[in-house]
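Accompanying notes for the structure given below.
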Amino acid sequence: MNTHAQIVSQMRLLITTLKRHNHAYYVLDNPTITDGEYDSLRQALVKLETDFPQLKQADSPTDAIGGEPLPFFTQITHDVPMLSLGNVFDKDDMANFIRRVNDRLDDKNKNPQFEMELKLDGLAVSLKYRHGVFAQAVTRGDGQVGEDITHNVRTIRNLPLVLPDCMHIELMEVRGEVLMPKAGFLRLNKEQQMRGEKTFANPRNAAAGSLRQLDSNVAATRPLAFYGYSVNQGLPNDITTQSGAMSFLQSQGFEVSPFKVVVDLGEIDEFYRATIDERDELPFEIDGMVVKVNSLQLQNDLGFLSREPRWATAYKFPATTATTRLLDVEWQVGRTGQLTPVGKLDPVNVGGVTVSNVTLHNFGEIGRLGLMIGDVVSVHRAGDVIPKVSGVMMQLRDETVRPISLPTVCPVCSSPVVLPEGEALARCMGGLVCQAQAQEALKHFVSRKAMDIDGLGSQWLIKFFEMGLIKTVADIYRLADKTEILQNLEGLGEKSVANMLLAIEKSKATSLPRFIFALGIRGVGESTALNLAKHFGQFDKLQTSSVDELLKVPDIGEITAQNIHEFFNAQHNINIINDLINLGVHWQAVVKDTNAAVLDGQTWVVTGTLSLMGRDEAKAHLQGLGAKVSGSVSAKTTALLAGEKAGSKLDKAHSLGVKVVLEDEFLALLAEHGRQI
Ligand code: IVH
């Protein structure tokens, strides 16, 4: 029997594990477990919380999923106004700032320490914690009055909801920045694009858009993070510096930006330059640094001038926007035939990087910008986010400009180009006849998340394609018949060919989700492939599915369902799939998702010795089918799985009238629900 203390410790373990995985997924963009594994951990916690609501932990991440949408945002007046910072752009201005600070300080306080932080490019928010428990989050608004966004901020994965050492502090106000890390931003935009929804111009806009939602379910899916930078009320008295406040925030579980105590202009400039060098490697965007007088007492003495503190300033980075001329537009053909316009620019330096090509995304974007060839454009590059044209200088347009027209035929294969009514994406209709599409499809097929043939790099793949050794993806598995030709190619010897063929051979053993993803069906990314595999369990069921059936799969809408259906009904695809299977590509059966919940709500107990598996394995199967497995039989037990030499538990089950399941019956249950033993 589990004591309450044991339940709490199970809950704590699950909470820390989930938080670690949340951080890996949302902040580092480097998940270490699958979504399925994550869900089962989360489910385990939900189950404990449902069974023992009185033991639920205040910082449980299961709360992080939003509740009912709010009807409107409530306006909240800040206890202390949220002001802004003055700016300096170079070392001379910085020297002037230091001089102004010194001019106002008494002799004994002159040449104070400064504390430097990164200037995070997100949105300022004020958080309130009552007795150490997160209570409220408010936007900056106009500095005096902001909006209550508690429901959204509560969903932020790295936000501590309980501060371990602040239970005795009636009210604490923490300020900081909500931002979207770069990796998460790129992933979100990709997902938005796949779903046909609007993409965001930069991480800051994406963070703002996420916080501006009345429905916290939206924010809950967004990769937001909070970084603290000040404690404006309730800071423990023994903390007397800004650097101390930052360390305190860290000790309470807050993420803070890297910070440093510096003593003069030389040190300030050194940290500033070092940060510029590292800027692209940071997980989030910054637009400069903030230099603050370190002593909180001196900050107080220096005070504010109108709406800016005299004790701090922003040391901004050089601009990341530049202007240049658009010389031409070329069209690139992607894997599924989409035509992407690429702007050829008069090369220009943008924040230290020379930019001569810039993606214009799609034909719709050209219309939105009103762009013409010969226009002077502003090019923006933020961190390592790819450069983009952010605007057209209409006032500089002259009569030499010419319109950008969508090609009527594909620049690669001359097949017709189609732009569906109301859509922004034009496509080449050549399918695999189009060399560009065929090559991209091959590259996709061998890529890491698809068949993962890392021994066959794209350069060789394209070379083999150009030589006619490979026409379709199935031909990759026929390369073994062409060993001699391969060995005689310059740059490929006996050994490298053997390695390549071994990698190809190894890739034949794959998984169903990978295989589905590798086929490169339009709209079927990695997660959709996984959903399809889970839903259908077997490939032939997917192949013969109707559009209606496809629509039942999570995240699949009309267009993707149609695409999938058409893909599996096109004869050339059927041939390639048959070839792949005949050439030995195979995968393990997938347990159908619908089975996961067959024992949902049931409590099982396992006892005695099973002949075909250990008790732990039996337990895992039962949990996999949705059952809870308990250690002791009670009136609430649904069934007792009894192996050989079952003892007192079997007697108890009999006396309580609990159903007893023997091994044969159990194996039949597993087989029925597709579980492999
Ligand atoms: S301290 C009195 N520290 O910059 C204002 N602000 O221009 C004290 N910001 O609205 C602000 N990173 O959103 C501070 N490390 C940092 C910051 C930071 C970003 C933003 C903040 C504020 C704006 C002021």
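We count residues from 1, following the sequence as given. Nothing here was measured: the structure is a model prediction, and the numbers come from that model.
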Indicate every side-chain donor-acceptor pair of residues 10-18 with a distance under 3.5 Å to a residue at least two apart or in another chain.
unit_1: R12; atom_1: NH1; unit_2: Q57; atom_2: OE1; d: 3.0
unit_1: R12; atom_1: NH1; unit_2: D59; atom_2: OD1; d: 3.0
unit_1: R12; atom_1: NH2; unit_2: D59; atom_2: OD2; d: 3.0
unit_1: T16; atom_1: OG1; unit_2: R12; atom_2: O; d: 2.9
unit_1: T16; atom_1: OG1; unit_2: L13; atom_2: O; d: 3.1
unit_1: T17; atom_1: OG1; unit_2: L13; atom_2: O; d: 2.5

Worksheet entry | All side chain to side chain donor-acceptor pair (under 3.5 Å) counterparts of D165, not counting sequence neighbours | Q252
Item to complete: Taking all heavy atoms of S251 and all of F248, pick out the closest pair and write down the distance.
Response: OG-O, 2.6 Å
Worksheet item: side-chain hydrogen bond (donor to acceptor under 3.5 Å, both in side chains) between R99 and N102: does it pass, once the steps are laid out?
Response: CA-CA 5 Å; R99 191 168 322 118; N102 273 322; over 6 Å; no
Worksheet item: Partners of E267 by side chain to side chain donor-acceptor pair (under 3.5 Å), sequence neighbours excluded?
Response: none
Worksheet item: Can you check whether V125's main-chain N or O pairs, donor with acceptor, with T139's side chain at less than 3.5 Å?
Response: no
Practice prompt. Begin from the C-alpha positions of F89 and Y315 and carry the test ring pair (Phe, Tyr, Trp, His ring centres under 6.0 Å) through to its verdict.
Written response: CA-CA 6 Å; F89 287 91; Y315 193 176; 9.0 Å; no
Fill in: N-O pairing of R325 and D346 below 4.0 Å
no
Fill in: Test side chain to side chain donor-acceptor pair (under 3.5 Å) applied to S230 - qualifying residues, sequence neighbours left out
N232
Item to complete: Run the salt-bridge test on E115 and K260 with the 4.0 Å N-O cut-off and return the result as yes or no.
Response: no
Practice prompt. Classify the side-chain pair N158/E255 by whether it contains a donor and acceptor separated by less than 3.5 Å.
Written response: yes
Practice prompt. Using side chain to side chain donor-acceptor pair (under 3.5 Å) as the criterion, list what pairs up with R195, not counting sequence neighbours.
Written response: Q192
Item to complete: On the 0 to 90° scale, with breaks at 30° and 60°, tag the F73-H151 ring pair as parallel, tilted or perpendicular.
Response: tilted
Practice prompt. Determine yes or no for a side-chain-to-main-chain donor-acceptor pair under 3.5 angstrom, with N152 supplying the side chain and Q213 the backbone.
Written response: yes
Fill in: Pair S243, N294: side-chain N/O donor-acceptor within cut-off below 3.5 Å
yes
Please tabulate, one pair per line, all N/O donor-acceptor pairs under 3.5 Å involving side-chain atoms of residues 167-175, not counting sequence neighbours.
unit_1: E173; atom_1: OE1; unit_2: Q233; atom_2: NE2; d: 2.9
unit_1: E173; atom_1: OE2; unit_2: S126; atom_2: OG; d: 2.8
unit_1: E173; atom_1: OE2; unit_2: R175; atom_2: NE; d: 2.8
unit_1: E173; atom_1: OE2; unit_2: R175; atom_2: NH2; d: 3.0
unit_1: R175; atom_1: NH1; unit_2: P81; atom_2: O; d: 3.3
unit_1: R175; atom_1: NH2; unit_2: V80; atom_2: O; d: 2.4

